[in-house]
Protein chains: 2
Amino acid sequence: MTRPRTRIQQRNSETILKAALEVFSQHGFRGATLDQIAEVAGLSKPNLLYYFASKEAIHGALLSGLLATWLDPLRAMDPDGDPVAELLGYVRRKLELSRDFPRESRLFANEMLQGAPRIRAALEGELRDLVREKSAVLQRWMDEGRLAPVHPVHLIFSVWALTQHYADFDVQVRAVLGEAETDPFPEAGRFLEVLFRRLLEP
Amino acid sequence: MTRPRTRIQQRNSETILKAALEVFSQHGFRGATLDQIAEVAGLSKPNLLYYFASKEAIHGALLSGLLATWLDPLRAMDPDGDPVAELLGYVRRKLELSRDFPRESRLFANEMLQGAPRIRAALEGELRDLVREKSAVLQRWMDEGRLAPVHPVHLIFSVWALTQHYADFDVQVRAVLGEAETDPFPEAGRFLEVLFRRLLEP
DNA sequence: TCTGAAACTGACCGATTGGTCAAACCATCC
DNA sequence: GGATGGTTTGACCAATCGGTCAGTTTCAGA
């Protein structure tokens, strides 16, 4: 099922992937079952396997492209822009991903916890290259005195950690904040802006 | 198997829990199998179930007490100490937990990703209370002008996110840093100290 | 309206799941 | 050497797992 050709294929493929995202992101690859995905999708199990060759294929379809989407905000950081503004923009876009695509974030987190068996190559290739490129930009900004000097790679780690936390540990965040504050993201956005501004302004 | 009475019970219970931690932390509750735990432990499956009533019981034994250990560093933050030093000490102790108990961290992360079905009560009770208590201390420090003013609860979230990232996303961290830097933790410690010092010093 | 392909399903497969149980094993104390 | 109670296991169970397949239903185009 590489390229959907009919409207039905289009619709059902999307339905299946949506259901699979729900289940995989919550239980990981091994903890998820085809029966459960089928039930969420409202389709029969053999029908799932009419559209995707195997459980692995569904999971693979979800993962492929996820890393790219995940790295887009970093890629968009402009080497010619204002350093602090560029990094704050990156943080904001990354936090928006956590808010708008929490299941994708948890799918990614699950893959990490399992030791990244299916995307390790991409981590050591695409991801690593992009981080090196962007940390070189950050280092240059620091050398020019336009950004406070910190370890650039760990700076990028800190963006990932702080933003993904609000998606992956959503339950904990909401449990601590209580029902009073229904949506943690506005306050999180303000907090992260203060944090990175104070950290990075020279 | 509440209280081990003989030396054999002591030893085997520990062996089982150690093996179970390895498996649960990697695959989550549903993704883990008793056969796999038994194999890692070097015991037969019926023997596991001689010491623990069920798969749930093993998982429960691991989770109970974990939250307490996880919160100890926060609990140790002294309201009468120096604000910045106290918070930096908290960060350091929390990072040491990530370094020394990465599997426990991942077990916790797995539970969060699944929506915390087994420790939700503790999150909304014990955890929430401690965070409120400590964020009141932080708020007082800020009011006294001894700490830069930021949202105290999100400040605590940031400590959790930044420290746990090095345990939960260990694969990613090492993939990006490459083989050159074998142990990311020393540099991470220095980075986090700079980050929180710059964020919090008035 | 007919037809061929696409879409779908119930029944089923062998393997694996969590868990049980009777029987055997083994260390210790009399 | 026996008796005893803690320990271990092979064989087994029903349920569920990912996946197959023959056959039926549905749909689009002529």
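In what follows, every chain begins at residue 1, and chains take the letters A, B, ... in the order their sequences are listed. Values below: every heavy atom of this structure, side chains too, minus hydrogens, waters and symmetry copies. What you are looking at is a predicted structure, and each value in this text was computed from that prediction instead of being measured.
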Could you tell me how far apart B:His59 (NE2) and C:dG19 (C1') are, to the nearest whole angstrom? 18 Å
Please check this pair: side chain of A:Lys94 against backbone of A:Leu162, looking for a donor-acceptor N/O pair closer than 3.5 Å. no
Short side-chain donor-acceptor distance under 3.5 Å, B:Gln26 and B:Glu22: no
Close N/O contacts between protein and nucleotides 9-14 of chain D (under 3.5 Å):
unit_1 : atom_1 : unit_2  : atom_2 : d
D:dT9  : OP2    : B:Ser44 : OG     : 3.0

Can you tell me the distance, in whole Å, between the NE2 atom of B:His27 and the C1' atom of C:dT17? 15 Å
With heavy atoms under 4.0 Å as the rule, sort B:Ala32 into base, sugar-phosphate or nothing. sugar-phosphate
Send over the distance from B:Ile58 CD1 to C:dG19 C1', rounded to a whole Å. 12 Å
Could you tell me whether A:Arg140 and A:Asp143 have a side-chain N and a carboxylate O separated by less than 4.0 Å? no
Atom pairs under 3.5 Å: protein N/O with N/O of nucleotides 24-30 of chain C:
none

Sequence neighbours excluded and cut-off under 3.5 Å, please list the side-chain donor-acceptor pairs for residues 110-120 of chain B, or say none.
unit_1   : atom_1 : unit_2   : atom_2 : d
B:Asn110 : ND2    : B:Ser25  : O      : 3.0
B:Glu111 : OE2    : B:Arg118 : N      : 2.7
B:Arg118 : NH1    : B:Glu56  : OE1    : 3.0

Judged by each residue's nearest nucleotide on DNA chain D, which is more toward the 5′ side, A:Leu49 or A:Thr33? A:Thr33
Of A:Asp100, A:Asp168, A:Thr163, the residue whose pairing with A:Ser105 passes side chain to side chain donor-acceptor pair (under 3.5 Å): A:Asp168
Does B:Gln9 place a side-chain N or O at less than 4.0 Å from the phosphate oxygens OP1/OP2 of D:dG6? no
Value in whole Å for how far the P atom of D:dC17 lies from CG of A:Asp35: 5 Å
How do B:Glu56 and A:Arg11 order along DNA chain C: which one's closest nucleotide is nearer the 5' end? A:Arg11
Without decimals, in angstroms, what is the distance between B:Lys55 NZ and C:dT16 P? 16 Å
Are B:Ile16 and B:Asn47 close enough that some pair of their side-chain heavy atoms sits under 4.5 Å apart? no
Quick check on A:Glu39: does its CD atom have over 12 non-hydrogen neighbours (other residues, nucleotides or ligands) under 6.0 Å away? no
Phosphate contact (C:dA6 OP1 or OP2) by A:Asn12 side-chain N/O below 4.0 Å: no
Let me know the distance between CD of A:Glu39 and C1' of C:dT9, rounded to the nearest Å. 17 Å
May I ask you to test the A:Tyr51-A:Ile8 pair for a side-chain heavy-atom distance under 4.5 Å? yes
Rounding to an integer number of Å, can you tell me how far A:Phe52 CZ sits from D:dG18 P? 16 Å
Under the 3.5 angstrom rule, does the side chain of A:Arg174 hit a backbone N or O of A:Thr182 as a donor-acceptor pair? yes
